[in-house]
Amino acid sequence: MTITKSMIHDALRTVAGPDGESNLTDLGMVSNVAIKDDRVYLSIDVPADKAARLEPLRRAAEEAVAGLDGVAAATAVLTAEAKEGRATNGSAATAPTEAAPSGIPGLPGVRHIIAVASGKGGVGKSTTAVNIALGLQALGLKVGMFDADIYGPSQPRLLGLSGEMPSATEDQQKLIPLKAYGLAVMSMGFLVDEAMPIVWRGPMVVQALNQMLFDVAWNHDGDLDVLVIDMPPGTGDVQLTMAQQVPLTGAVIVSTPQDLALIDARKGLNMFRKVDVPVLGLVENMSYFIAPDNGKRWDIFGHGGAEKEAEKLGLAFLGGIPLHMDIRALSDEGKPITASQPESKEAEIYRELAAKVWEAVQDSKGVEVPVMKVSQGRDSLRIAFKDGYSYDLPAEMLRVLSPSAEVQGHSAEQRVTVPGKRNVKIKELKPVGKYAAKIVFDDGHDTGLYSWSYLLELGKEKDARWQGYLEDLAAKGLGRG
Ligand code: ADP
C-alpha cells in the first residue's frame, strides 16, 4: 500500500495532545512529514519549556505511525519553532541530561570518530569539516560525514545533496547514508527543511542526533576508517552532551584569526577537555587572503597569531587555510574544492591538514583499557590499570563526582554538590568505545561517561577529591544522608 501524508495525519489523530483534549494533528503540532519508501519521518512542534516532559508523546506518535499498514518504521523528533531566526549556539538549550538516552555503545563498523567544532558560528567549520573528510579520503581512508549542525545543516548543500532522502536497509532497521564524492553522508538536513528555522532544545537535539547517528548503516559499503562529525557551533550544553555521549577519538577546533574567535576556540577546547576528549589540534580558517587576480598573499590579521595561541594552550597547530574565493564559490555549488579541484593549492592545503589530523589520531593513544570489577555489595568499583595502578573507588564517590554535565555543570558556579548518596549502589557498567564506561547507579543516574583517564585521576587523587567533596557538602550545609 502507498502511504500518504493524510494517512499519517489520520494516525496522529489517535495521539492525544499535551492539552489532554485534542490530538496532535488537530492541534497543528505535526510540522514536517517525510515519507521514504515505507519509512516515515516526522517532526512535532512542542512548546520549548515542555520538551523534556514530552518524550512519551514522541514515542506514542512513532508507535501510531509505525502501526499503519505499509509502514516499516517511523521516526519522530520533537522541535520547537524559532521566534528569532537561526540559533547560532546552544545557549538557548535547557539542561541536556533530562531526556538524553543512555548506554550508547561504540558505533559498529566505524573505527574513529572525529568531531570538527568551533566556539561560534560562521568561522567556516562546515567547509573545513567536509574538506578534511575529503582530504582523509585522499589518504586512502574510507570516510563518512555526519552533519550534526542541527541549527543550520549545511552538508547537503556543500556536497550537492540538497533535496535528497536516504533509503532504508533491506531489514528496515537502518538508514543507508547517501554518497557524495565517495563519502558516506548523513544529515538532519535530509529530514527537515534546511530553510525552516528551528530552535532545538537540549534534550531534543541530543535525542534526535543520537537517534540519527546510531540509526545509520555507516558500514553499508564496508567499515569506515573515520567518521567526521560537523558539530553544532558553540559550546553550550548540547555540544557538551554530544562530546560526552558520542565515543569520539578526538576533536578538531576551527577558529578564525581574530582575537574574539580565539576566545571562543578556547571555550571549545575547555569543553572537550572537561569531558576528556583529546583535542587533536586547532585549524585557523581564513588565515590569510589570496587575491584572486594576481594570487598575492595578504596577511590581513598578521601572521602566526593562532599558532602562538595554540602553543600557549598546549594545543597542536594543524595549519592555516586561506580565505579564497574558490573555496566559497565551489562550496556554494556543492563541489568542495578538495574533490572538485584536487590539483589546486587549496586542495593540497586541505590534504596536508587531513594528514596532520590523521597523524594526531594515531598519536592520541589514551590510557589503556583497565580491568574493572564491581564489588559484591555493589558499593565500590575495583579498577586495575595495565601499568600496575589499581584502586577501589566507592560507589558514593563515583556518583557524587560523576563527570556528567548535571553534576559538573558548565562552570564552577553551576557545579552541583550532590548530597545524600551514602548508600548508593552500582547497578551496571556499560563500556563505551575504547576509552570510557558509563556507570549506572541504583538512584537512576546514568549519564556520567567515566573515561579511563578520569578514573585514573580519581584513583590517584582519591583522598584529596573526597576531602574536597566533604568540604563542599559542609559549606553548603548538606549531608551524606
Ligand atoms: P560555519 O560552519 O562555521 O557556520 P561555514 O563553513 O558555513 O561556517 O562557512 C561560512 C561561510 O564562509 C560560507 O559561505 C563559506 O563558503 C565561507 N568560507 C568558509 N571558509 C572559507 C575560506 N577558507 N575561504 C573562503 N570562504 C570560506
Side-chain angles (χ1 to χ4, degrees), residues 85-91 114-135 145-162 183 185 187-189 194-195 197-198 200 228-236 238-239 242 251-258 260-265 267-268 282-293 295-301 306 318-341 344-354:
R86 172 183 156 164
T88 50
N89 63 42
S91 59
I114 299 172
V116 178
S118 63
K120 62 168 196 172
V123 302
K125 168 184 56 60
S126 300
T127 309
T128 308
V130 72
N131 282 294
I132 286 180
L134 290 162
M145 179 82 226
F146 179 58
D147 182 4
D149 187 348
I150 213 149
Y151 304 113
S154 42
Q155 292 303 337
R157 184 173 41 83
L158 288 173
L159 288 162
L161 291 170
S162 295
L183 302 177
V185 191
S187 167
M188 196 52 89
E194 204 182 331
I198 298 177
W200 298 80
V228 176
I229 302 190
D230 184 1
M231 290 281 282
T235 51
V238 169
Q239 292 79 358
M242 255 204 101
V252 171
I253 296 178
V254 181
S255 175
T256 49
Q258 300 93 318
L260 198 67
L262 278 175
I263 290 170
D264 288 309
K267 281 194 215 148
L282 179 77
V283 176
E284 186 183 44
N285 190 32
M286 312 193 196
S287 184
Y288 48 94
F289 174 67
I290 300 284
D293 44 0
K296 190 166 160 17
R297 171 180 171 139
W298 296 86
D299 285 310
I300 296 173
F301 303 102
L318 298 171
I321 302 161
L323 176 65
H324 194 289
M325 278 283 277
D326 289 351
I327 296 180
R328 194 205 52 74
L330 290 164
S331 295
D332 284 352
E333 286 174 32
K335 297 175 182 160
I337 197 160
T338 308
S340 64
Q341 295 191 358
S344 65
K345 176 76 190 136
E346 289 68 40
E348 189 186 329
I349 289 172
Y350 281 121
R351 281 194 300 269
E352 278 171 13
L353 188 63

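Nothing fancy with the numbering, it's 1 onward along the sequence. As the structure lists them, so they are numbered: ligands from 1, and atoms in each ligand from 1.
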Validation row: K125, T128 side chains within 4.5 angstrom (heavy atoms): no
Counting from 1, what ligand 1 atoms have a heavy atom of K125 closer than 4.0 Å? 1 (P), 2 (O), 3 (O), 6 (O), 8 (O)
So which of L323, N285, D326 gets nearest to atom 20 (N) of ligand 1, if we judge by its closest heavy atom? N285
Taken to the nearest 0.5 Å, the spacing of K120 NZ from T235 OG1 works out to 12.0 Å
Heavy atom to atom 2 (O) of ligand 1, shortest distance: which of G124, S126, A329 holds it? S126
Which atoms of ligand 1 sit under 4.0 Å from any heavy atom of M286? 12 (O), 18 (N), 19 (C), 20 (N)
Do D332 and ligand 1 have an N or O pair less than 3.5 Å apart? no
Numbering the atoms of ligand 1 from 1, which are under 4.0 Å from a heavy atom of P322? 22 (C), 23 (N), 24 (N)
Side chain proximity check, V116 to V254, heavy atoms < 4.5 angstrom: yes
Ligand 1 N/O within reach of T127 N/O, cut-off under 3.5 Å: yes
When rounded to the nearest 0.5 Å, the distance separating CD1 of I321 from CG of L353 is 5.0 Å
Check whether any side-chain heavy atom of I290 sits under 4.5 Å from a side-chain heavy atom of K345, and report yes or no. no
Does the side chain of D332 reach to within under 4.5 Å of the side chain of R157, using non-hydrogen atoms? yes
To the nearest 0.5 Å, what is the distance between CE on M231 and CG on D147? 12.0 Å
With atoms numbered from 1 as shown, which atoms in ligand 1 lie under 4.0 angstrom from a non-hydrogen atom of V123? 3 (O)
Say whether S118 and ligand 1 are in contact under the criterion: heavy-atom distance to a ligand atom below 4.0 Å. no
